[in-house]
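Just below is one structure, and these are the notes that go with it.
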Amino acid sequence: MRNIILIGFMGTGKTTIATKVALRLKMRYVSTDDLIEKREKRTINEIFTASGEDYFREVESEVIRDVAGMEDAVIDAGGGAVMREENMANFKTNGIVICLTADEEVLFERVKKYKHRPLLNVEDPKFKIRSLMKQRAPFYAKADHVIDTGRLTIGQVIDKIVEITGSGTSEKKE
Ligand code: S3P
């Protein structure tokens with residue numbers, strides 16, 4: 001089975017959905033953020049604060065090179081991983097890339113209670129979400145499939161992923 005890679009902005013539900021899809025399809029759940037923290041033995045907040053975002057992106061690319069070589073994995077990719085072409089190319093070598101989306105308001109509601117995302121620990125997270133989403137939209141559009149999670153239940157999103165991965169390209173870019 002090819003890997004299933006979930007990409008998308010922070011708060012689109014990648015972790016929740018990837019965990020459940022892995023259970024349902026009896027695949028392995030892999031989180032790039034978890035692997036980065038394990039490799040670095042510090043949290044993502046600590047990496048950003050002490051070493052900066054560029055360093056974080058380097059480690060992220062190394063981790064993605066490793067996970068691209070795995071099989072039967074549902075990969076929960078950090079929201080910014082798509083910005084490097086090499087990461088996307090690595091994901092696509094042995095996997096189907098699915099982008100989860102939701103509108104700005106939904107994302108803000110989902111992320112505001114958490115503090116583990118350094119990019120959103122700012123004075124005006126709503127503005128930050130808007131500008132990052134705008135900047136990243138062309139990268140997220142490179143996914144093989146896009147699912148808007150805003151109007152769907154978790155169960156419906158999972159069903160769609162199962163359907164997409166079982167049915168090849170019939171639902172491309174709905
Ligand atoms: C980031 C998203 C985070 C994490 C880091 C940077 C981003 O992952 O990789 O805080 O640039 O969008 P999630 O999308 O899982 O929150």
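Numbering of ligands and ligand atoms starts at 1, following listing order. No hydrogens, no waters, no symmetry mates; every other heavy atom, side chains included, goes into these values. Predicted model, so just to flag it, every value in this text is computed and none were measured.
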- Task: For the pair D148 (side chain) and G150 (backbone), establish whether a donor and an acceptor sit closer than 3.5 Å, ignoring hydrogens and angles.
- Result: yes

- Keeping the roles fixed (side chain from E37, backbone from I44), state whether a donor-acceptor pair exists under 3.5 Å. yes

I'd like a table of donor-acceptor pairs (distance under 3.5 Å, sequence neighbours excluded) in which one partner is a side-chain atom from residues 83-99, with atom names and distances.
from: R84; atom 1: NH1; to: S61; atom 2: OG; distance (Å): 3.0
from: R84; atom 1: NH2; to: E58; atom 2: OE2; distance (Å): 2.8
from: E86; atom 1: OE1; to: R65; atom 2: NH2; distance (Å): 3.3
from: N87; atom 1: OD1; to: S61; atom 2: OG; distance (Å): 3.0
from: N87; atom 1: ND2; to: A81; atom 2: O; distance (Å): 2.9
from: N90; atom 1: ND2; to: E86; atom 2: O; distance (Å): 3.2
from: K92; atom 1: NZ; to: K142; atom 2: O; distance (Å): 2.6
from: T93; atom 1: OG1; to: N90; atom 2: O; distance (Å): 2.6
from: N94; atom 1: ND2; to: M70; atom 2: O; distance (Å): 3.0

- Message: Do V74 and V162 sit in one hydrophobic cluster, given that two such residues count as connected whenever their side-chain heavy atoms are within less than 4.5 Å of each other, even indirectly?
- Response: yes

- Do the side-chain N and O atoms of R42 and S51 include a donor-acceptor pair separated by under 3.5 angstrom? yes

- Query: For the residue pair F9 and Y140, does the interplanar ring angle fall in the parallel (under 30°), tilted (30 to 60°) or perpendicular (over 60°) class?
  - Reply: perpendicular

- Message: Counting only heavy atoms and a distance below 4.0 Å, can you name the residues contacting ligand 1?
- Response: M10, K14, D33, I44, F56, R57, G78, G79, G80, R117, P118, L119, R136

